[in-house]
Number of protein chains: 2
Amino acid sequence: MENVLATQLLELSQLIRKARQQWLRERPDVPIGTVSILKLIDEIGTAADGGCHAKDLAERSGLDPSTVSRAVAAAVGQGLVERRVDNADRRASTLALTPAGRDLLAAASAWFSALIGRALADWPAGDAERVSCDLGRLVAAFSAVLEETHTLEAAR
Amino acid sequence: MENVLATQLLELSQLIRKARQQWLRERPDVPIGTVSILKLIDEIGTAADGGCHAKDLAERSGLDPSTVSRAVAAAVGQGLVERRVDNADRRASTLALTPAGRDLLAAASAWFSALIGRALADWPAGDAERVSCDLGRLVAAFSAVLEETHTLEAAR
DNA sequence: GCGCAAACTTGCCCAACGCGCAATATTGAT
DNA sequence: ATCAATATTGCGCGTTGGGCAAGTTTGCGC
């Protein structure tokens, strides 16, 4: 069973790579990583009281803090993200999307959603919901085990 | 709905990246791409009459033919894969795993399966099967739409 | 036999994504 | 005052993969 899942996950990762390449061909000005960053800033910023900090971003994305900082700097340079000192903790930066960043995120979301929509076009009603539910469980299960592995390594 | 799925797929791709990095930390001698290549050679070789050709590999993996050729050359150099002229079409190479390649593939499969097993350890019986079934449908749906997109582009 | 295409390989150079270390500055907590 | 947290930036590197060009050999149809 696990072997079947491993194969499916390998296939899925290959498909995701193809989708990303497709995006890149259509939008060479926007690295896919920027889209991920924008999305996470939006989500975290919406959910968290103090807004989105670089540290949150690094944790959520699993990227190295220096990578996150540089990605944010690039997005700031492109006018997609703004950085402000957090008054509650002046060591930290609060990250937020600019209107341009919002527009780009909306466009990217529409692009990926359209792709997914085409894939699921002839699915019976309710199937997408069920698959999404299962995918959510899978994501949660993996998050837990990979987080645990990461924690064990940090303890070394 | 599609937006939820897009988010989940982004999260899943990040988790897959973490798993791959974990593998790389534990097995720096074995690029993850080599594992994928070995796996595909094994699958295609098992399923196809004439064995596995580089062209099959490129199609299945979505990698550029030159990339595939180089990856195969590296695997041959590491004694994991052997290349033979296909007598049915002497332009083509038939790729097959060596015993060492088989061992490595088995080890990698065990590694990833163990990871997945830990993630699903406390799932109720039958749930993994259901999720796998749903994942298979998702993979098939995406394959179809991305293949179609790829075909349209080739026609340009 | 010829011409074209298929199958593949290799050299070369590049792109995209990400890591990690070191150094630095500022702020927060004790 | 000391130490840790938060973040940033420079630098150099690693991993994965693309694409072009050129070349060789073989297969196929005329």
Side-chain angles (χ1 to χ4, degrees), chain A residues 10 13-14 16-25 27-37 41 50-59 61-77 81-95 150 153-154, chain B residues 10 13-14 16-37 48 50-59 61-77 81 83-95 150 153-154:
Chain A
L10 172 62
S13 75
Q14 284 169 346
I16 289 170
R17 196 184 80 241
K18 285 181 189 176
R20 292 175 140 202
Q21 285 168 348
Q22 180 67 14
W23 166 265
L24 202 53
R25 282 194 292 268
R27 295 297 302 259
D29 55 315
V30 184
I32 192 67
T34 299
V35 178
S36 306
I37 290 282
I41 288 172
C52 173
H53 291 173
K55 182 183 163 75
D56 304 322
L57 215 42
E59 278 174 11
S61 65
L63 295 174
D64 191 78
S66 67
T67 304
V68 161
S69 196
R70 269 182 289 260
V72 168
V76 168
V81 169
E82 62 181 0
R83 245 185 313 209
R84 288 180 299 235
V85 175
D86 183 357
N87 280 319
D89 181 347
R90 298 184 60 80
R91 297 172 299 184
S93 302
T94 300
L95 310 171
H150 188 74
E153 289 213 327
Chain B
L10 172 61
S13 75
Q14 284 169 344
I16 289 170
R17 195 185 81 240
K18 285 181 190 176
R20 294 177 136 204
Q21 284 168 348
Q22 179 67 17
W23 166 263
L24 202 52
R25 282 194 291 270
E26 299 191 13
R27 295 297 303 259
D29 55 315
V30 184
I32 193 65
T34 299
V35 178
S36 306
I37 290 281
C52 174
H53 292 175
K55 182 183 162 76
D56 304 321
L57 214 43
E59 278 174 13
S61 64
L63 294 175
D64 191 79
S66 68
T67 304
V68 161
S69 197
R70 269 181 288 259
V72 168
V76 168
V81 168
R83 242 183 316 207
R84 288 179 302 230
V85 175
D86 182 357
N87 280 319
D89 181 348
R90 299 183 61 80
R91 297 173 298 185
S93 304
T94 300
L95 310 171
H150 188 72
E153 288 213 330

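These numbers come from the heavy atoms of this one structure, side chains and all, not from hydrogens, waters or symmetry mates. In the text below, chain A, chain B and the rest are named by the order of the sequence lines, each starting its count at 1.
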Can you find a side chain N or O atom of A/Q21 that sits less than 4.0 Å from OP1 or OP2 on D/dG17? no

Using atom CG of A/D29 as one end and atom P of C/dA16 as the other, report the distance to the nearest whole Å. 11 Å

Whichever of A/P28 and A/A88 has the more 5' nearest nucleotide on DNA chain C, that residue is A/P28

Under the salt bridge (Lys or Arg N to Asp or Glu O under 4.0 Å) rule, collect the residues that match up with B/R27, sequence neighbours excluded. B/D29

Residues passing the side-chain contact (heavy atoms from CB on, under 4.5 Å) test with A/R90, sequence neighbours excluded, are A/V85, A/N87

In whole Å, I'd like the distance from the CD atom of B/Q14 to the P atom of C/dC17. 13 Å

With rounding to the nearest 0.5 Å, note down the distance linking OG1 in B/T67 to CD1 in B/I37. 9.0 Å

Tell me every residue that passes side-chain contact (heavy atoms from CB on, under 4.5 Å) with B/A75, counting only those two or more places apart in sequence or in another chain. B/L80, B/V81

Would you indicate which nucleotide in C/dG18, D/dT16, C/dC17 comes nearest to any side-chain atom of B/I32? D/dT16

Rounded to whole Å, CD1 of A/I37 lies from P of C/dC17 at a distance of 12 Å

Residues which pass side-chain contact (heavy atoms from CB on, under 4.5 Å) with B/R84, listed by chain and number, not counting sequence neighbours: B/E82, B/A96

In whole Å, I'd like the distance from the CZ atom of B/R84 to the C1' atom of D/dT25. 20 Å

Rounded to the nearest angstrom, tell me the gap between atom CG in A/L57 and atom C1' in D/dT6. 14 Å

Can you list the residues that meet the salt bridge (Lys or Arg N to Asp or Glu O under 4.0 Å) rule with A/D64, with sequence neighbours excluded? none

Starting at the 5' end of nucleotides 1-11 of chain C, put B wherever the base has a protein heavy atom under 4.0 Å, S where only the sugar-phosphate does, and a dash everywhere else. -----BSSBBB

With A/R17, which residues qualify under salt bridge (Lys or Arg N to Asp or Glu O under 4.0 Å), at least two apart? none

With sequence neighbours excluded, residues passing side-chain contact (heavy atoms from CB on, under 4.5 Å) with B/S36: A/L10, A/Q14, B/R20

A/I16 CD1 - D/dT16 P separation (whole Å): 17 Å

When you compare the side chain of A/C52 with that of A/L57, does any pair of heavy atoms fall below 4.5 Å? yes

B/W23 has an atom CH2; how far is it from atom P of D/dG14, in whole Å? 21 Å

Between the axis at one end of the helix from C/dG1-D/dC30 to C/dT30-D/dA1 and the axis at the other (five pairs apiece), what's the angle to 10 degrees? 30°

In whole angstroms, the gap separating P of C/dC17 from CG of B/L10 amounts to 13 Å

